Amino acid sequence: MSGLEKESSSSSRANMSSCSSNSRSVPNNNGNNNNNNNSNTDDYYLAKTVLRGSVVLQAVLGHFRSPSSYDVVFGKETSIELVIIDEDGIVQSISEQPVFGTIKDLAVLPWNERFQVQNPKILGKDMLLVISDSGKLSFLTFCNEMHRFFPLTHFQLSSPGNSTHQVGRMLAVDSSGCFVAASAYEDQLAIFSLSMSPSGDIMDKRIFCPPEKDGRLKTATGSTNITGTIWSMCFISEDYDQSSKERRAVLAILLNRWGSFYRNELLLLEWNIEEQAVHVVYQFSEAGPLAYHIVEVPHSHGFAFLLRAGDIVLMDFRNAHNPSCVYRTSLNFMPMEELKFKNIIRLPDIMDEEGIYSVAASALLELGDIKSDDPMTLDDFSNVPPGSNYVCSWSWEPGVTNSPRIIFSADSGDVYAIEVSFESDGLRANLSDCLYKCQPSKALLWLEGGFVAAIVDMADGMVLKFEEGFLKYRSSIQNIAPILDMCMADYPDEKHDQMFACSGMASEGSLRIIRSGISVEKLLKTAPIYQGVTGTWTIKMQVSDSYHSFLVLSFVEETRVLSVGVSFSDVTESVGFQPDVCTLACGLVADGVMVQIHQFGVRLCMPVKALHPGGIPLSSPICTKWTPDNMTISLGAVGHGMIVVATSSPCVLFILGIRSLLAHHCEVYQMHCVKLQNELSCVSIPQKHLEQNRALMDYMDGNTVASLPSGNHVDNLFVIGTHKPSVEVVSFTRDKGLQVIAIGAISLTSTMGTTISGCVPQDVKLVLVDHLYVLSGLRNGMLLRFEWPSASAVTSMGLPRQEAFIGSCTMNSDVLLNSTSSNYKVASIFMSNASGKTKGEFPAELQLIAVRRIGITPVFLVSMSDSLDADVIALSDRPWLLQTARHSLSYTSISFQPSTHVTPVCSTECPRGLLFVAENSLHLVEMVPSKRLNVQKFHLGGTPRKILYHSESRFLLIMRTELDNDSCSSDVCCVDPLSGSVLSSFKFEPGETGRCMELVKVGNEQVLVIGTSLSAGPAIMSTGEAESTKGRLVVLCIEHMQNSDSGSVMLCSKTGSSSQRNPPFCDISRYAVEQLSTSSLCSSPDDNSCDGIKLEETEAWHLRLAYSTIWPGAVLAVCPYLDRYFLASAGNSFYVCGFPNDNSQRVRRLAVGRTRFNIMTLTAHFTRIAVGDCRDGILFYSYHEESRKLEQVYCDPVRRIVADCVLMDVDTAVVSDREGSVVVLSCANLLEDNASPERNLTRSCSYYMGEIAMSMRKESCAADGLTGAHDDFIALDVLIDKPCKIPELEKGAYMGECTGECIEKGSFSYKLPADDMLKDCDAVSNNINLSRNCIMASTLLGGIIIFIPMTREEYELLEDVQARLVVDPLTAPILGNDHNEFRSRESKSNGQAGVRKILDGDMLAQFLELTNMQQDAILASPHGSPNTITLSSKPSMPVMVNQVVRLLERVHYALN
């Protein structure tokens, strides 16, 4: 192995001279325009969260959605999530929303009958209390209509920010809901009494303590203060029988006192509301074990647990002036002992302002003795020795008033429970046996049904359940934080990417595979032999059946019926369907009676009993048919007891029924027909059960607007779509025939005023969730939602106009019934007289609530079940899940490839199945309710620090540390992305830790360059300078391994994973034997390990050591450079290195550059080098190849601790720092020849995330999505309504690989829909810049954020919309934050106010959740707040809703 070549000495000297001028003097404000923040650079970005952080910091249980619901709220620092735990113990997310601030603490304010609330929407519901960096105490309530939390009121506690001396860190709520306390980190707290008066005021009285005038609190013997850290607090409740006037607020706090010898104290504060004064009624200090928390015992009226290191103490505070200790148990988990005290002595007040000891604000509390004979001294009793554990978290059993139980987790991971019982001879407490053993929980939540949610730090949480006296694991609560690194790669056999993330720490470290959309588990895939599928349906044999019995596949000229069960087998003959026709629709019309509709007629079939117990006891099915004379059926639908078919020439609508003639014999007969003014495009009959009929009838009775005409029945409703175009809700009754209940006209226009073509409904659905509405998918890829008008709107309408009836596509005709023939007769068509109608009998004019474009192909709507409130799959260019319970239109992509058809399949083996038809294959998948996140997990046994994707081998290269291995603690391993198996690894030397790695090109091959640290300690001193440690530079070759013995290499995946499960359906008769998809592994359940998947010989790879040398410092960063060099840092030096003669066994250092502080990151773009250190921020360098010298040319304008950096081009860097901000630095307007390297980079724009992004990647070259190189074209297309014709884009072609650096191709990207009404784009085609890229950032909280470049015109448009959204009550930050102040903290912290902000995509995304009327109202509102700074000072132009919606839809579509 060759030694290290001698570096160029001239480059070192030259670099030292250039670096010496890098002073940090403050620039003057006279004449130096290098610091001008209002640059003319065209860096305009929008930041959108792709995946919200998964770290749960707080968890509370309450009745938030309704008085009877049991809801869990997770506080996740920058967002809140409302979830439920279902009966199987699976966490299901109901709502998640950003708070546009940082949550400090949250608590539940229980409903109190004393509250005089007039608003029925919050009556009986609990409220969520939140304190945040806004400095406000926020009262939130959950709005079921908008499906998220909204603020009722805010109360200002302090100025915004994170000051340790201002109130706003911790909350405590009285168990009755009458009092709330909020504390600062140090020295201050506030207490509030609540009233909930009819006027809407929540806050009654309040007091801050200590008082501002003297800062002292009265005690029995004098006065004291609260000087120190407030560590924990809780209210001590009184007897609930007392009247509200007699109630007192008694607050217990644990104080870590400053300046006192007895610095750790327990204080009882009593608030005299009438006197508006707080008194210290008790004060106690003890030099015993460390105390962590004080916790009130619910429904005990005065008892509380004191949780200390080594023990738990139960205290009696019923007499607040003379408390006592009654029980103590050691946390060595020995039985609890009772302590009896006969002489209760009150401690004197202790004040020692000049104490000789002081501690840091974050020090743990210590309770200490004052006098050895005091009855509060617990540690002199030898029968209860102190333990070695402490309580990490706890939770009380909900809904228990007698004998409450507390469950707690110790730092050892043991979970125990204590039951407190109130008996005649006194209070008793019983400690249970160990209930469960796991990682220590930082939060516990005891739920209804015996479930317990355990939140674990930097690992997945758990849902446990009490069974047979112990806790048993039921499901996981996914937590992918922290994400230390990530990379992108193709998803096998599919047309979109997935993200591989390094997640977790130490033994909980894992590889996470993250995909966009809703997770599905792939169970089955057939060969691509199903050409020409025109429709798919699943049918039950009886309405009450839980599972489907048959799967119907319709082809262009044939139909097949397959049984649903252990296998798919052809049962067409036994069912009775006509096999040689194309089925238009089918379904169950009555128990045991199925209907097939084709173009020549309607066929009624009664399957045999051999297929289902509900069949007829004959050898062959009984079939009858009905045909229209000389007409061809164009479409139809089947409902319970009713069949609807329509013809197109002439346009006639038939209502058919069935009747029984003999045993096992039914026939179809015509009940009604009507001639149509407009041809029908679709029809849908709600599949209603008895319960749904009742719900629908109750809704109709309670809503006069949507009531049916007199004498009608709701079980005869159906919905039609017409070529007019329109959607109409129709009712049929025997006495009145066909009546139009409501009409929704479809007339859509573009932003240029032209009519949008193709607005004919392709599919329609009637939905009932809280209220009735209609969904319609159009043939041009648009999705519409119609609702009935409000009662006030109907009142103002008065009597109906005649045009309302003319507008309907139907005209009444006589009811023609013929018992002997299925022939029909069309009666003369007549017009109803509008003036003869009474109020309530006219068609309601449906209001168009929301319009969205989800594709360019027709939109099909498929309900997940027969229920009227079931979620709907919207199938267009790709599948989307439409959440029917959400306000407006809310849809999320399903993580599956584009498909032509889909139908739900429910069987015993696959209760949540979906059958997709894609690429001529049938795919059986199952929705995965256990995954709130579409994330797959593979355990790695250590902390994954770095990850790379090796495209040639299609394997992952992962650097691990903290390995539990005797031979080494760190290595680099080769991992199979399908199974998570470690194929090979290169182990570092004992005590050596891997720090960085990159793939570098050597000739025509790639090698892995690795940097390590040879000591286990930190590589950086607190001053930012490098520690005097050494590192090692390692070069590994990635080689093929030929395995001649077995010809294959055994890989591992989890036993019982989806790849090894027997498929629930074995074959499809006459078609193909099912085979597992090779990609089905990637949707298997979490935590996969070994089970025998084989890879061919060509897929065996090995890591071989090619070069190694010791460097004078820890090697923390490496980076490829100019396709023939690489950069590597050691301490505060970095080197340009090369491989002489393309020999990977030799490395030569060509030049060296030095900074003042330790180098954290290195990145390059062409000739530009960006160096990030831990103090001076980003430094730009240039390398001169001829002279082999490095020259510093630009410098960061402010000090910055760099977390990661990406160069967008030679002039622009995107930087994340350790304070949660991202900033774009540019030198585009500066000349290198005249520039000084002192603070001369310009900050183009910035964005405060509130989360630290440790890894950033530049995503480019994906022509089929917004994250690709054409994203500026895509957005500009929307803005000016003129699509550009790029052949490669239209074909969905991939635009090529990246050159010069490691750039991943676009992620979460799909072909975007083009508006078919938009035409030429010659005017803008020349303005397209194909070099722009997106930035993907992963955070320590487990979030993923994408930064999307925009044009100036787009930026100005959305900036104007954002300025209105941040102040509108529907969309403003729910915690009362000033949005502009929050997102601008990076600028303000560095004294650089006025820097352009990156747009907040999460704020803008709320615009899509609003109805059309709400959107219009917001755009018509005044322009933002006085503090809002916009890009342009010119008056804002009117903004059109369609213009904004289309632009935001593209972002939403691409990122999902």
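Just so you know, these numbers come straight off a predicted model, no measurement behind them. In what follows, every heavy atom counts, from backbone to side chain, and hydrogens, waters and symmetry copies are set aside.
A donor-acceptor pair under 3.5 Å is formed between the side chain of Ser475 and the backbone N or O of Gly89. A donor-acceptor distance shorter than 3.5 angstrom exists from the side chain of Arg603 to the backbone of Gly576, with no hydrogens or angles considered. Without hydrogens or angle criteria, Ser554 side chain to Gly535 main chain gives no donor-acceptor distance under 3.5 Å. With hydrogens and angles ignored, the 3.5 Å screen pairs a side-chain donor or acceptor of Asp71 with a backbone N or O of Arg65. Judged by distance alone, with hydrogens and angles left aside, the side-chain atoms of Arg878 form no donor-acceptor pair with the main-chain N or O of Gly855 at under 3.5 Å. Listed for the Ser888 side chain is a donor-acceptor partner under 3.5 Å among the backbone atoms of Leu1410. When atom types are taken as modelled, the side chain of His672 and the backbone of Arg734 share no donor-acceptor pair closer than 3.5 angstrom.
The side chain to side chain contact (heavy atoms under 4.5 Å, CB included) search around Thr908 returns Tyr547, not counting sequence neighbours. The side-chain hydrogen bond (donor to acceptor under 3.5 Å, both in side chains) check on Arg886 picks up nothing, with sequence neighbours excluded. Applying the ring-ring contact (aromatic ring centres under 6.0 Å, His included) rule to Phe860 yields no partners; only residues at least two apart in sequence or on another chain are considered. Scored by the side chain to side chain contact (heavy atoms under 4.5 Å, CB included) test, Thr900 finds Val917 as partners (sequence neighbours excluded). In terms of the ring-ring contact (aromatic ring centres under 6.0 Å, His included) criterion, residue partners of Tyr70 (sequence neighbours excluded) are, by chain and number, His63. Residues satisfying the side-chain hydrogen bond (donor to acceptor under 3.5 Å, both in side chains) test with Ser549, not counting sequence neighbours, are none.
In terms of heavy-atom proximity, Phe74 sits nearest to Val72 at CE2-CG1, 3.5 Å. The nearest pair of heavy atoms linking Pro904 to Met864 is CB-O, 3.7 Å.
A donor-acceptor pair shorter than 3.5 Å cannot be found between the side chains of Glu728 and Thr722.
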Practice item. Take Ser563 and Ser569 through the side-chain hydrogen bond (donor to acceptor under 3.5 Å, both in side chains) test and state the conclusion after the steps. Key: CA-CA 5 Å; Ser563 65; Ser569 57; 2.9 Å; yes
**Study point:** side chain to side chain contact (heavy atoms under 4.5 Å, CB included) between Leu553 and Leu922, worked out
**Key:** CA-CA 10 Å; Leu553 296 176; Leu922 302 182; 4.0 Å; yes
Exercise for review: Starting from the C-alpha separation in whole Å, work towards a yes-or-no answer on side chain to side chain contact (heavy atoms under 4.5 Å, CB included) for Phe142 and Val73.
Suggested key: CA-CA 11 Å; Phe142 190 81; Val73 170; over 6 Å; no
Practice item. List the steps and the verdict of side chain to side chain contact (heavy atoms under 4.5 Å, CB included) for Trp880 and Thr892. Key: CA-CA 5 Å; Trp880 302 83; Thr892 307; 5.7 Å; no
Point to revise | Working for side chain to side chain contact (heavy atoms under 4.5 Å, CB included), residues Ile518 and Phe896 | key: CA-CA 9 Å; Ile518 298 173; Phe896 195 74; over 6 Å; no
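The cationic group of Arg659 lies under 6.0 Å from the six-membered ring centre of Tyr669 and within 45° of the ring axis, placing it in a cation-pi geometry.
Rounding to the nearest 0.5 angstrom, the gap separating the CD1 atom in Ile85 from the CZ atom in Phe451 is 8.0 Å.
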